[in-house]
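Presented below is the structure to which this report refers.
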Amino acid sequence: MTATAAGPLIGRGFDRVDGRAKVTGKAHYTAEIPLPGIAHAVLVGARIGSGTVRSIDTSLAMAAGAVAVYTHENLPKVATVPPVFPSGFGGIAPGQTFFPMQDNVIHYHGQPIAVVLADTFETAQHAAELVTAEYDRVDALVRLDDGRDVQYQPEKVFCGLVPAIQSRGDFEAAARVATHSVDATYHFAANHHNPIECSATAAVWDGDQVTVYDATQGVSATQATVAAYLGISPGNVRVVAHFVGGGFGGKAMIWPHVTLAPMIARELGRPVKVVLTREQMFHGTGLREEQEQRITLVCDDQGIFTGLRHHKLSVTSPFDDFAEVSLGVAGQAYAIPNWDGQYRLIHGNTMTPTFMRGPGEASGMLAMECAVDELATDIGVDPVELRLRNHAAIDPESGHPWSSDGYAECVRVAAERFGWSAADHRAGPRTDGNWLIGQGMSTAGYPVYLPGQPQRAHARLLADGSLTVQAGTQDFGTGVATTMAQVAGDALGIEFDRIRVDIGDSDYPNIAAAVGSMGAGNVSAAVHTACTDLRTQLIALATGDPESPLHDRIVQEIECRAGRMRVRSNPAVGETYSALLARHHLTDLETIGTWFPPSGDAPYGRISFGAQFAEVAVDPELGLVRVRRMVGAYAPGRVLNAKLARSQILGGMNWGLSQALMEATLPDVRNGAWANSSLLEYLLPVNADAPAVDITFVAVTDAVVNPLGVKGLGEIGMVGASAAIINAIRHATGKPIREIPVRIEHLI
């Protein structure tokens, strides 16, 4: 039985089409691509957090076998430093408005001060260790507490997209008449991306054309950014990224090493490859900033939220006004008429922060949901009931209806599968030997972002009835090549195993970067458009052909199944694509489909909703926390592949555990470095930490966001997971948590 004969492809749990290549080692990641004549580049980072380079000695490196060493004294100048703009909303996406090695000023520890090149990686690594520098040191500001006196309020944050001051109604007036309130300040440690594949870039020039191999979340973003830095046409830059070993936002922006590779390759006259070390990943690809959020939530005697004040203070770089958008969903998920949201920043000696899974929502909803739980305890209302009572039926910011909702059903389903009991929760924790057993819940929510430009895909039907689909996207967590095949197969009625998907090349039609959970929505919309356009061509060819069984048939009568067009009411009447093409002496039929996203001012609010529940065990004598089980229900619109979707959510929920209990990057105030820049000391969960996880998808239809109603789910699995865990810890111990992640000393 063919896949299409068994029913629609979309929604089914097909294995990844690239799975075998990945597990057998046939898949070549950026650092593994063999390039003849390659020069291996190793970055040398500054050993101070602030100051200037007085001198650099490269003589020992050259004597040790380096073929060249570039510093601020001999590195070419970039053509321009383009403004920071997220790659999902435009082409150019530099990670920060600063490019290193253009002068001798040091802004942060690990900032590249030299690039050492050699014929082998080992030689380049050894030679890089021999480069020495003398500095004029200035005290570095690396901790939030040390910068409170120099905090400021910018006009906008988040790449200039979000106003720093936002409000509706009159919070102060609401607070004066409120019956109940919670006022709490939450501190979040800095976090760093740790994908299994460290960032890497290689570059090969052929005349005035350059091919850049990059571990990126957006081949088109790399193309546009490298072209801007080098001052050449994007048409002269080809970017290839067939396989990406995790990104999570750290590979969304284009960091300096990406441009250094083609810049130096042009100067050196040979291919160049640079691979960041694990330590350099902590200094070279952005971070989730250290931050503090103060929440004041007020309600009336019925538990109806009447006001929210949500202020955030965080550390950014010396040259950018970046803060993750922690106030967004937290200020929209509930029907709160009076809201005061503000961002304040501290210029510190760090890289510009960047997107990290759930950038803003993961931290903002943690603070908000912990405050909601504390308010529920204060007024004696079941936390589940309090959230349902206050859920926003429409977007409180715009007043528009949601494009789709599903929140109440998510709460009902998750609570039922978790076995939530309001009476048991009010009774306090259970015990299991020395363990205190607590339960908690949280709302999950993530915006549905739309790209700022058309999304395109190429579809080509061959004479043998097979289909090739191409799009300028790249491998990312949802198994994009697999879901593209499912979408294409349904649109054209072709068996899954008759479809080839080509991705990972900027020569293919443009797709925006896979950021903001937009990847699946963007790619599926473009592929669906291309394949339905191709289907229209095929049907027109058949109905206009006197020799076709479908001649003069009405288009609406015809359906496509298993590589064949047929009359819906009489399936025996029809013909295969192969027969049609052969009769017309065509070797193929092709099209480029273009999806034009709805405008940003469409009269709908766009958020994906969900609900998270968690059960923890706490040993109050040792301060140990074990997450025993987690349950989540989500309404992400149309699910393209149930198996891969569950995998995405599972990863996000476990990352929420990591956020709540483990991840923290700690600054060394002596030199401005990150003190635990290794996987030995930066704590991440392992299999032994992973709890039992139960995941349910609640069906909602969304006719607004894109043709297939795909809202995206790459990040919502993390949002609320940490809050559910921390609320469960408070239920077990009675202690409110104010420091993230939770440490032993918070509980003993």
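When reading the values below, keep in mind they use all heavy atoms of this one structure, side chains included, and skip hydrogens, waters and symmetry mates.
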Under the ring pair (Phe, Tyr, Trp, His ring centres under 6.0 Å) rule, what do Phe476 and Phe243 come out as? Steps first, then yes or no, please. CA-CA 8 Å; Phe476 56 89; Phe243 298 97; over 10 Å; no
Under the side-chain hydrogen bond (donor to acceptor under 3.5 Å, both in side chains) rule, what do His187 and Glu292 come out as? Steps first, then yes or no, please. CA-CA 4 Å; His187 178 266; Glu292 182 179 275; 5.9 Å; no
side-chain hydrogen bond (donor to acceptor under 3.5 Å, both in side chains) evaluation trace for Gln96 with Asp320: CA-CA 7 Å; Gln96 54 192 22; Asp320 289 315; over 6 Å; no
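Ion pairing of Asp119 with Arg270 is present here, as a side-chain N (NZ or NE/NH1/NH2) and a carboxylate O approach within less than 4.0 Å. By the 4.0 Å N-to-carboxylate-O rule, Asp145 lies too far from Arg143 to be salt-bridged with it. Checked for salt-bridge contact, Arg288 and Glu663 miss the test: no charged N lies under 4.0 Å from a carboxylate O. Between Arg47 and Glu134 no salt bridge is recorded (no basic side-chain N to carboxylate O distance below 4.0 Å). Between Lys156 and Asp321 no salt bridge is recorded (no basic side-chain N to carboxylate O distance below 4.0 Å).
Side chain of Trp205 to main chain of Pro262: a donor-acceptor pair is present (N/O by atom type, distance under 3.5 Å, no hydrogens or angles). When atom types are taken as modelled, the side chain of Thr58 and the backbone of Val131 share no donor-acceptor pair closer than 3.5 angstrom.
Ring pair His283/His109 is tilted by interplanar angle, where 30° to 60° counts as tilted. Between His107 and Phe319, the angle of the ring planes goes over 60°, which puts this pair in the perpendicular group of the 30/60° scheme. The aromatic rings of Tyr682 and Phe282 sit perpendicular, their planes meeting at an angle over 60°, well past the 30° parallel limit.
When the shell of 6.0 Å around CG of Asp139 is examined, it contains 12 or fewer heavy atoms from other residues, nucleotides or ligands. The local environment of CZ in Arg278 is crowded, with over 12 non-hydrogen atoms from other residues, nucleotides or ligands closer than 6.0 Å. Heavy atoms from other residues, nucleotides or ligands lying under 6.0 Å from CZ of Arg20 number 12 at most. Asp103 CG: more than 12 foreign heavy atoms inside a 6.0 Å radius.
For Gln291 and Ser363, the side-chain atoms include at least one donor-acceptor pair closer than 3.5 Å. Side chains of His257 and Gln280: no donor on one and acceptor on the other come within 3.5 Å. No side-chain donor from either of Asn104 and Tyr135 sits under 3.5 Å from a side-chain acceptor of the other. Side chains of Tyr213 and His242: a donor-acceptor N/O pair is absent below 3.5 angstrom, by distance only. A donor atom on one side chain and an acceptor atom on the other are not found under 3.5 Å apart for Tyr29 and Glu197. Between the side chains of Thr222 and Thr216, at least one donor N or O sits under 3.5 Å from an acceptor N or O. With hydrogens and angles left out, the side-chain atoms of Tyr343 and Glu324 include no donor and acceptor closer than 3.5 Å.
Across all their heavy atoms, Ser326 and Lys312 have their closest contact at OG-NZ, 3.1 Å. Closest non-hydrogen pair, Ile92 versus Ala228, comes out as CD1-CB, 4.0 Å.
Residues that satisfy the ring pair (Phe, Tyr, Trp, His ring centres under 6.0 Å) test with Tyr70, not counting sequence neighbours, are absent from this structure.
By the 4.5 Å heavy-atom criterion applied to side chains, Thr71 and Ile113 are not counted as neighbours.
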